[in-house]
Asks: 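This is the structure I have questions about; it appears just below.
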Amino acid sequence: MISNGAAPLLLMTPGPTRVPDRVLRAGARPMIHHRTREFSAELATAVELLNPVFGTSEPILPVHTTGRGALEAAICNFFSPGDEIAVCCNGKFGEMWAGFAESYGITVHRICTDWTRHVDVMEVARALEAHPRVSAVALTYSDTSTGVSNDVATVSRTVHMIRPGALVLVDGVSSIGGMPFSFDSWGVDFAATASQKCLMSSPGLSFAALSERAWAAAARAKLPRNYWDFTAIRAEILKECPETPGTPPVHIVLQVAEALRLMHEEGLERVYQRHAQMAARARRGASELGLSLQCPELGAYSTTLTAIAAPAGVSPKDLRNGMRVRGVLTAGGLGKYKDSSFRIGHMGDIRLADVERTLTALAETLAELRVTR
Ligand SMILES: Cc1ncc(COP(=O)(O)O)c(C=O)c1O
């Protein structure tokens, strides 16, 4: 393991996640100029190996930004001022979609606003019927604030049935790469993921897929964009030797290409199964320790993270500190759960043994806190 001498904390966070040694080494190579065949080959590998991860044959676009930038880019590429969209706001990241859209002058209809529930497809259908000008529905596949897994396939099918031509926009930042995703067969129009989560690399690079419907919307859209222009990115990535507009984060591209080689060596199905096993173990472990999930009534749970309620009288900060002392870094609750819960990420390079170590640290911390109270 590459180390700076200090014992590394086990990163059980929903990003950035542990970067495997092979990926670290790929990112430690001497600089390659970004207008060379050598760099193009790595970029081509990254985007090609992402096609099955997104479940699409559409070209994958590299977007030089963390996840939020790719999502904001979707807004300015697909819409014009005054357009209307419906946003499923059952978590902080659903709400983030709404914020991006509003900041560009788009009218947002917030739906499915209960953070304790998954997206209700009937509510999506009702919103489309109530608002005939809505031209897109945005949702989050795995909302990292609650641990919900929303049923993208059913939402997408419903949207296209009720409003042919409308776009389905999916935030896959904490899910794509760790959870099965079928962009083409689910009829998704835009989806994005980022390097620092399931793709086991450093933060700073996102990837997006667009459907033909989305490209048509981009051609009509009037919102200004330049750095974020997907059409410009597509023109570069489709060259015989793929490039990007401007200078890409070279070493993150090298890392992502290597991380994807690793994922394909393991086999994508096995990667997804591993995530499902870790999530099941984390939920069972919490229950065995007498803890409730943060949102126990979700229809389906993300397999990349688990949000757990701190027991009555115990502060999540103390719990996380106790685990940190034992070498395990978890994440705090988000938004309305900031003071009442904590989150365990189990995505990317994380293994079942890491989840076991985390549960042991949790059990020891709980025992310690209860003893001292
Ligand atoms: C579901 C989801 N969407 C968007 C983001 C924002 O991504 P970034 O921090 O890479 O900008 C995150 C980050 O945690 C996320 O989990």
Side-chain angles (χ1 to χ4, degrees), residues 11-19 50 53-54 61-76 87-101 103 112 115 118-119 137-152 155 168-179 181 188 190-209 227-228 248-249 252-253 255-256 259 275 279 294-295 298 300-307 329-338 341-348 350:
L11 289 187
M12 298 299 287
T13 60
T17 62
R18 179 169 68 208
V19 179
L50 274 168
V53 173
F54 274 78
L61 307 184
V63 192
H64 310 169
T65 166
T66 63
R68 286 184 307 143
L71 304 176
E72 177 162 337
I75 299 298
C76 57
V87 180
C88 301
C89 289
N90 61 328
K92 180 182 156 82
F93 294 98
E95 186 54 44
M96 184 180 276
W97 264 128
F100 287 138
S103 67
C112 307
W115 285 30
H118 48 280
V119 166
V137 174
L139 73 160
T140 304
Y141 183 20
S142 153
D143 200 302
T144 326
S145 61
T146 65
V148 70
S149 167
N150 290 313
D151 183 352
V152 173
V155 169
V168 173
L169 314 178
V170 178
D171 172 346
V173 170
S174 66
S175 47
I176 294 177
M179 293 167 58
F181 196 73
V188 174
F190 169 86
T193 191
S195 51
Q196 79 276 20
K197 296 188 188 274
C198 301
L199 300 183
M200 310 185 289
S201 300
S202 298
L205 183 59
S206 294
F207 295 92
Y227 188 89
W228 296 134
I252 307 179
V253 172
Q255 285 190 342
V256 171
H275 282 75
Q294 172 190 293
C295 301
L298 299 174
Y301 288 92
S302 165
T303 60
T304 58
L305 84 141
T306 300
L329 187 70
T330 56
L334 282 182
K336 52 186 87 169
Y337 295 105
K338 187 168 157 289
S341 77
F342 65 103
R343 297 170 303 141
I344 297 175
H346 30 74
M347 63 174 85
I350 296 302

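First listed ligand is number 1; within each ligand, the first listed atom is number 1.
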Asks: So, T193 side chain and I176 main chain: donor-acceptor pair closer than 3.5 Å or not?
Replies: yes
Asks: Examine K197 against ligand 1 and note whether any of their N/O atoms are separated by less than 3.5 Å.
Replies: yes
Asks: Looking only at protein heavy atoms, identify the closest one to atom 3 (N) of ligand 1 and say how far it is in Å.
Replies: D171 OD2, 2.6 Å
Asks: Give me the nearest non-hydrogen protein atom to atom 8 (P) of ligand 1 as residue plus atom name, then the distance to 0.1 Å.
Replies: G67 N, 3.5 Å
Asks: Heavy-atom pairs closer than 4.0 Å: do any link ligand 1 to the side chain of S142, the backbone, both, or neither?
Replies: backbone
Asks: May I ask you to list the atoms of ligand 1 that are less than 4.0 angstrom from any heavy atom of T144?
Replies: 1 (C), 2 (C), 15 (C), 16 (O)
Asks: At a 4.0 Å threshold, what atoms of ligand 1 neighbour a non-hydrogen atom of T66?
Replies: 8 (P), 10 (O), 11 (O)
Asks: Would a distance-only check, ignoring hydrogens and angles, find a side-chain to backbone donor-acceptor pair under 3.5 Å from S195 to S206?
Replies: no
Asks: Around atom 5 (C) of ligand 1, find the nearest protein heavy atom and jot down its residue, atom name and distance.
Replies: F93 CE2, 3.5 Å
Asks: What protein heavy atom sits nearest atom 6 (C) of ligand 1, and how far away is it?
Replies: R68 CG, 3.4 Å
Asks: Looking at residues at least two apart in the chain, or sitting in another chain, which of them share a side-chain hydrogen bond (donor to acceptor under 3.5 Å, both in side chains) with S201?
Replies: none
Asks: Measure the shortest side-chain to side-chain distance between W228 and T65 over non-hydrogen atoms and say whether it is less than 4.5 angstrom.
Replies: yes
Asks: Partners of S341 by side chain to side chain contact (heavy atoms under 4.5 Å, CB included), sequence neighbours excluded?
Replies: Q294, Y337
Asks: Using a plain distance cutoff, I'd like to know if L71 has any nitrogen or oxygen under 3.5 Å from a nitrogen or oxygen of ligand 1.
Replies: no
Asks: Strictly distance-based, threshold 3.5 Å: is any side-chain N or O of Q255 a donor or acceptor partner for the main-chain N or O of S202?
Replies: yes
Asks: Using a distance-only test with no angle check, is there a side-chain donor-acceptor pair under 3.5 angstrom linking T306 and H346?
Replies: yes
Asks: What is the nearest protein non-hydrogen atom to atom 9 (O) of ligand 1, stated with its residue, atom name and distance?
Replies: Q196 NE2, 3.9 Å
